[in-house]
Q: 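Take this structure first; my questions come after.
The first residue in the sequence is number 1, and the count goes up from there. When a ligand or atom number is given, it counts from 1 through the structure's own listing order.
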Amino acid sequence: MKVKKDWLDQLSQIELPKSYFVAGQYAESKHTYPITNPATAEFMVNMSACDEQEVNQAVEFARTVFKSGVWSNLAPRERKQKLKKLAELIRENAEELALLETLNVGKPIQDSLNVDIPGAASCFEWYAESIDKIYDEIAPTSNDQLAMIRREPMGVVAAIVPWNFPLDLASWKLAPALATGNCVVLKPAEQSPFTALKLAQLAKQAGIPDGVLQVLTGLGHITGQALGRHPDIDCLVFTGSTETAKKFLVYSAESNMKPVWPETGGKSANIIFADADLDQALDKAIFGAFYNQGEVCSANSRILLEHSISQQFIEKFIEKAKNIKIGHPLDPNTQMGCLIDRQHADNVRHAIEQAKVQGAKDYVIPLNLDEDLDPTTYIAPTVLTGVTPEFRIFHQEVFGPVVSITTFETQEEAIELANNSIYGLAASIWTKDIQKAIILSKQLLVGTVSINTVDALDVSTPFGGYKQSGYGRDLSLHAIDKFTQLKTTWIQL
Ligand code: ADP
């Protein structure tokens with residue numbers, strides 16, 4: 001296994017990307033913004049920041065390439081081969097991609113290497129393998145008519161993604177969009193463009209024609225907004241905050257009414273009954289709350305405990321949280337890295353302070369950071385007990401290693417608490433009584449209910465939410481719907 005020094009040596013041998021990727025080539029923008037390493041506060045690069053004109057050029061090129069048919073008219077089997085090649089190249093370049101991801105966002109290198117990068121490769125492979133196995137339809141019209149219902153690509157798709165799982169979430173959008181024949185303009189989050197830029201090069205190497213995948217780096221309110229308002233984008237897919245998703249709905253309404261598919265925030269409840277396997281529930285509750293520094297839209301950030309087990313559970317939970325190894329993201333022993341940037345970490349600290357002012361009791365696991373790390377972006381796992389729906393933290397998506405604990409007496413109360421949220425992304429139920437779990441799962445207003453696990457997820461199952469968690473569904477064959485138009489062709493016989 002590579003140790004921190006090996007990763008630092010590898011880093012010294014690669015050139016960090018700083019150009020955006022347009023028409024099959026890297027290009028320098030007129031404008032730039034600085035990117036620093038969130039773990040160490042070291043300056044890394046001045047990244048290209050695309051302006052409206054650069055966005056327009058990329059969209060125009062995407063349109064030309066889409067119309068030319070070099071991608072959209074390929075037989076699905078041919079697109080499949082190129083996307084499978086891309087998956088293979090991602091695997092071949094896994095170490096470099098993992099290094100880039102960890103440098104950008106501060107997540108543990110072992111997570112980048114074993115979860116994020118292989119996850120992206122599998123996603124491309126899965127959609128590549130699906131696309132030549134999906135049939136269209138013939139409608140049950142009368143005998144003297146033949147009505148064919150065919151899926152056609154949307155055309156030019158914009159994908160706007162966040163910084164918590166940069167390559168993974170990009171691949172959730174790109175893989176089905178590309179498999180169905182669209183041209184995609186991807187805008188990574190300003191903090192985390194490195195892996196998307198490397199991916200563009202790998203896509204070219206895989207034989208995907210120039211202009212089918214372009215990566216525009218830049219700031220949300222400039223580059224992102226220009227894409228959102230662009231009159232020649234046919235569809236926009238988004239993962240990020242609920243607040244920004246609402247802006248994209250406005251951009252669409254004020255421009256060409258492009259369909260916008262948001263996948264947004266969450267405040268997922270982890271409901272633990274007294275009859276659960278508590279050892280398993282404890283391990284998974286730690287994972288659900290603190291994995292990826294809690295920077296997960298479906299993080300189980302509200303634990304709802306049946307009152308009779310609450311004291312025992314909280315004590316053990318805090319003991320377990322103390323074992324999480326917090327440290328340098330490039331150290332392979334690190335289980336929790338830093339947050340994305342100082343401003344976000346300050347917001348998280350503020351949310352904790354507010355909860356304490358409202359009366360929550362906090363247990364903060366002590367931080368022991370090495371000198372080469374920036375303490376302003378690190379936040380220790382924090383457990384807030386005594387939280388009720390009157391607390392702001394019960395409702396607020398904190399997006400950090402902060403979990404609040406609320407107790408309940410009855411099943412009805414548990415469901416009422418879980419559903420008391422503007423969000424509805426996910427929930428978990430822990431009980432050995434499967435009958436009870438299934439009945440309750442139907443009452444939860446969320447996109448995914450995990451029973452006796454947390455945050456269950458697979459490329460074959462849809463991921464998305466109810467309410468203000470957005471209505472876009474990523475993953476599974478259902479994601480194909482977002483990227484295709486239904487066309488009816490009617491023949492009178
Ligand atoms: P987070 O809160 O997770 O940082 P955001 O919703 O702010 O999520 O960001 C998700 C994506 O949306 C990023 O790519 C970001 O650049 C983009 N974005 C942020 N603000 C805007 C905006 N006003 N208009 C368009 N895009 C934006």
Q: Test of understanding: with side chain to side chain donor-acceptor pair (under 3.5 Å), list the residues that count as partners of Asp481, not counting sequence neighbours.
A: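 By the side chain to side chain donor-acceptor pair (under 3.5 Å) rule, Asp481 matches no residue at all.
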Q: For the ring pair Trp7 and His328, is the centre-to-centre distance below 6.0 Å?
A: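 That pair fails the under 6.0 Å test.
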Q: Does the side chain of Thr239 come under 3.5 Å of the side chain of Lys173 through a donor N or O and an acceptor N or O?
A: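 Yes, because at least one side-chain N or O of Thr239 sits under 3.5 Å from a partner of the opposite role on Lys173.
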Q: Run the salt-bridge test on Arg91 and Glu125 with the 4.0 Å N-O cut-off and return the result as yes or no.
A: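 Here Arg91 pairs with Glu125 in a salt bridge, since their nearest N and O are under 4.0 Å apart.
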Q: For ligand 1, list every N/O pair with the protein closer than 3.5 Å, one pair per line with the distance.
A:
| unit_1 | atom_1 | unit_2 | atom_2 | d |
| --- | --- | --- | --- | --- |
| ligand 1 | 4 (O) | Trp163 | NE1 | 2.8 |
| ligand 1 | 6 (O) | Ser241 | N | 2.9 |
| ligand 1 | 6 (O) | Ser241 | OG | 2.7 |
| ligand 1 | 6 (O) | Thr244 | OG1 | 2.8 |
| ligand 1 | 14 (O) | Val161 | O | 2.9 |
| ligand 1 | 14 (O) | Lys187 | NZ | 3.3 |
| ligand 1 | 16 (O) | Lys187 | NZ | 2.9 |
| ligand 1 | 16 (O) | Glu190 | OE1 | 2.4 |
| ligand 1 | 23 (N) | Tyr251 | OH | 3.3 |
| ligand 1 | 24 (N) | Gly220 | O | 3.2 |
| ligand 1 | 24 (N) | Tyr251 | OH | 2.8 |
| ligand 1 | 26 (N) | Gly220 | O | 3.2 |

Q: What pairs with Lys267 under side chain to side chain donor-acceptor pair (under 3.5 Å), at least two apart in sequence or on another chain?
A: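 With sequence neighbours excluded, Lys267 shows a side chain to side chain donor-acceptor pair (under 3.5 Å) to no residue whatsoever.
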Q: List in chain and number order the residues that pass side chain to side chain donor-acceptor pair (under 3.5 Å) with Asn419, two or more places apart in sequence or in another chain; answer none if no residue qualifies.
A: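 Asn419 satisfies side chain to side chain donor-acceptor pair (under 3.5 Å) with no other residue.
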